[in-house]
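Got a structure for you, questions after.
Here the structure is a predicted model, which means the values were calculated and not measured.
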Amino acid sequence: MTGAYDDRDGKIWMDGTLVDWRSAQVHVLTHALHYASSVFEGERCYNGKIFKSRQHSERLHYSASCLDFEIPYSVDEIEAAKTAVLEANGFTDAYVRAFAWRGAGEDMGVSSARNPVRVAIAAWAWGNYYGDAKMKGAKLDISKWKRPSPETIPVHAKAAGLYMICTTSKHAAEAKGCSDALFMDYRGYVAEATGANIFFVKDGEVHTPLPDCFLNGLTRQTVIEMLKERNIVVHERHIMPEEMEGFQQCWLTGTAAEVTPVGQIGDYTFEVGAMTREISEAYEKLVRS
């Protein structure tokens, strides 16, 4: 599939019905467009099977509840809809985007209790999120923005509003020739990249930030399980930025990113070492098993 995302052939599931891709539209006074009342999931389908599909659908419901709205379709109905989208578009390998939002209705202020909740699911072919970084290692900038405190916003929801600083940070990183940006959190600890969690290796042990103010990604959880199955010690803890100088390897995890090695973050450099390659290759096998 090529071309702008609003001008493609195919089908999108929208509010219970498969519609032509170009017809999947919303009104300009949609509440989510003005107030970010939207949640979403990014998923990957391998060989006709979405990896951890049900967990994604369950998290979509959870995220909606964090934003004080209820998705009008059950987890089972969303699961069936994802299958229908893949079949309608003829995909066996694809990226799947399920999302829900407050639509246009009687309310057009901050409050939107009377507006309908809309749901849609789309899928498209999507290769490596970071291009050739899987071989060479991604280069990351350090964002000027910080991940917010849990007292300010529902940080564990996969909510559209939380990605505003991700977009601006990634644009700034790309302008410097980087693939992505790394966030610190509101306390100054290492947090995550704009759409992926981060892992470090030192002396054969793994260190990863404690997800107490950002999303505990499903891929992150999967990789931690893989490491523990290999009897590799995993430290989930607060990490100060200056500690990056002593880490030898680094990688990112996410549904889109999968497992991507990191070669540089700011002035800190890392090797694409044996453990990074092993986990990346093992993850590739796992999702296709």
Side-chain angles (χ1 to χ4, degrees), residues 1-2 5 8 10-13 18 21 24 38-63 75-100 119-135 138 157-160 162-163 166 170 179-180 192-199 211 214-227 251-262 276-289:
M1 298 177 71
T2 57
Y5 278 89
R8 298 185 175 197
K11 297 287 185 180
I12 291 176
W13 186 93
L18 285 167
W21 191 288
S38 172
V39 297
F40 71 97
E41 285 295 316
E43 313 172 32
R44 278 196 188 264
C45 179
Y46 302 92
N47 298 331
K49 182 180 178 181
I50 299 173
F51 186 63
K52 297 206 167 182
S53 181
R54 193 169 189 87
Q55 291 96 317
H56 280 289
S57 297
E58 290 170 347
R59 190 171 65 181
L60 187 71
H61 273 261
Y62 168 76
S63 296
V75 168
D76 286 340
E77 288 172 317
I78 292 172
E79 288 295 289
K82 286 189 282 190
T83 298
V85 167
L86 291 168
E87 290 178 351
N89 290 286
F91 287 138
T92 55
D93 291 82
Y95 179 84
V96 180
R97 174 64 59 89
F99 49 110
V119 184
I121 300 169
W124 59 88
W126 206 5
N128 291 338
Y129 188 65
Y130 292 111
D132 62 0
K134 281 204 168 187
M135 300 296 294
K158 196 167 178 67
L162 286 163
Y163 285 79
C166 297
K170 188 152 185 171
S179 300
D180 205 348
E192 60 174 348
T194 63
N197 294 122
I198 193 163
F199 289 76
F214 55 86
L215 197 70
N216 181 13
L218 293 176
T219 309
R220 177 187 184 276
Q221 295 173 47
T222 300
V223 167
I224 288 174
E225 291 173 3
M226 293 168 61
L227 291 164
W251 68 74
L252 300 174
T253 64
T255 296
E258 299 171 302
V259 177
T260 297
V262 174
T276 302
R277 291 194 300 272
E278 178 187 348
I279 293 301
S280 179
E281 292 168 4
Y283 181 79
E284 294 282 349
K285 292 179 181 177
L286 175 65
V287 297
R288 290 175 171 82
S289 63

For Tyr62, side chain to side chain donor-acceptor pair (under 3.5 Å) partners two or more places apart: none
Approximate separation, where rounding is to 0.5 Å, of Glu87 CD and Leu18 CG: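 Rounded to the nearest 0.5 Å, the CD-CG separation comes out at 9.5 Å.
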Side chain proximity check, Thr260 to Tyr129, heavy atoms < 4.5 angstrom: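 No - every pair of side-chain heavy atoms lies 4.5 Å or more apart.
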Contacts of type ring-ring contact (aromatic ring centres under 6.0 Å, His included), residue Tyr95, not counting sequence neighbours: Trp124, Trp126
Point-to-point distance, once rounded to the nearest 0.5 Å, from CD of Glu258 to OH of Tyr283: 6.0 Å
Smallest separation among heavy atoms of Ser57 and Ile78, with atom names: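 Looks like OG-CG2, 3.5 Å.
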Listed partners of Thr222 passing side chain to side chain donor-acceptor pair (under 3.5 Å), at least two apart: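 Thr222: side chain to side chain donor-acceptor pair (under 3.5 Å) contacts with Lys52.
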Close side-chain approach of Asn47 and Thr92, heavy atoms under 4.5 Å: no
Residues in salt bridge (Lys or Arg N to Asp or Glu O under 4.0 Å) contact with Glu278, at least two apart in sequence or another chain: Arg230
Side chain to side chain, Val85 and Phe91, heavy atoms closer than 4.5 Å: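 No; the side chains remain at least 4.5 Å from each other.
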Side chain to side chain contact (heavy atoms under 4.5 Å, CB included) involving Ser53 - partner list, sequence neighbours excluded: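 So Ser53 forms a side chain to side chain contact (heavy atoms under 4.5 Å, CB included) with Glu43, Ile50, Glu79, Lys82.
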Student check: side-chain heavy atoms of Tyr163 and Phe40 closer than 4.5 Å: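 Touching, per the 4.5 Å side-chain cut-off.
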Partners passing side chain to side chain donor-acceptor pair (under 3.5 Å) against Asp180 (at least two apart in sequence or in another chain): Tyr130, Thr194
Minimum heavy-atom distance between Gly10 and Asn89, given as atom pair plus value: CA-OD1, 3.2 Å
Side chain proximity check, Val259 to Phe199, heavy atoms < 4.5 angstrom: no
Heavy-atom donor-acceptor pair, Asn197 side chain to Arg220 backbone, under 3.5 Å: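 Not at all, since once roles are kept as given, no pair shorter than 3.5 Å links the two residues.
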Candidates Val96, Val287, Thr219 - the one meeting side chain to side chain contact (heavy atoms under 4.5 Å, CB included) with Thr255: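 The single option meeting the side chain to side chain contact (heavy atoms under 4.5 Å, CB included) with Thr255 is Thr219.
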Nearest-0.5 Å distance, OG1 of residue Thr253 to CG of residue Leu218: 10.0 Å
Results of side chain to side chain contact (heavy atoms under 4.5 Å, CB included) for Glu281 - residues two or more places apart only: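 Glu281: side chain to side chain contact (heavy atoms under 4.5 Å, CB included) contacts with Arg277.
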Expected output: side-chain Asp93 to main-chain Tyr46 donor-acceptor under 3.5 Å: no
Over all atoms of both residues, closest heavy-atom pair of Ile12 and Ala122: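 Smallest heavy-atom distance, with atoms named: CG1-CB, 3.9 Å.
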Rounded distance [0.5 Å steps], CG in Leu215 versus NZ in Lys158: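 Nearest 0.5 Å value for the CG-NZ distance: 5.5 Å.
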Residues which pass side chain to side chain donor-acceptor pair (under 3.5 Å) with Arg59, listed by chain and number, not counting sequence neighbours: Glu41
Residue list, salt bridge (Lys or Arg N to Asp or Glu O under 4.0 Å) with Arg97, at least two apart or on another chain: none
Nearest-0.5 Å distance that lies between atom CD1 in Ile279 and atom CH2 in Trp251: 5.5 Å
Test salt bridge (Lys or Arg N to Asp or Glu O under 4.0 Å) applied to Arg54 - qualifying residues, sequence neighbours left out: Glu58, Asp76
Qualifying residues under side chain to side chain contact (heavy atoms under 4.5 Å, CB included), relative to Ala159, sequence neighbours excluded: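 For Ala159, the residues satisfying side chain to side chain contact (heavy atoms under 4.5 Å, CB included) (neighbours in sequence not counted) are Val39, Leu67, Ala157, Leu162.
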By salt bridge (Lys or Arg N to Asp or Glu O under 4.0 Å) - contacts of Lys11 (at least two apart): Asp20
4.5 Å side-chain heavy-atom contact, Val119 and Trp13: yes
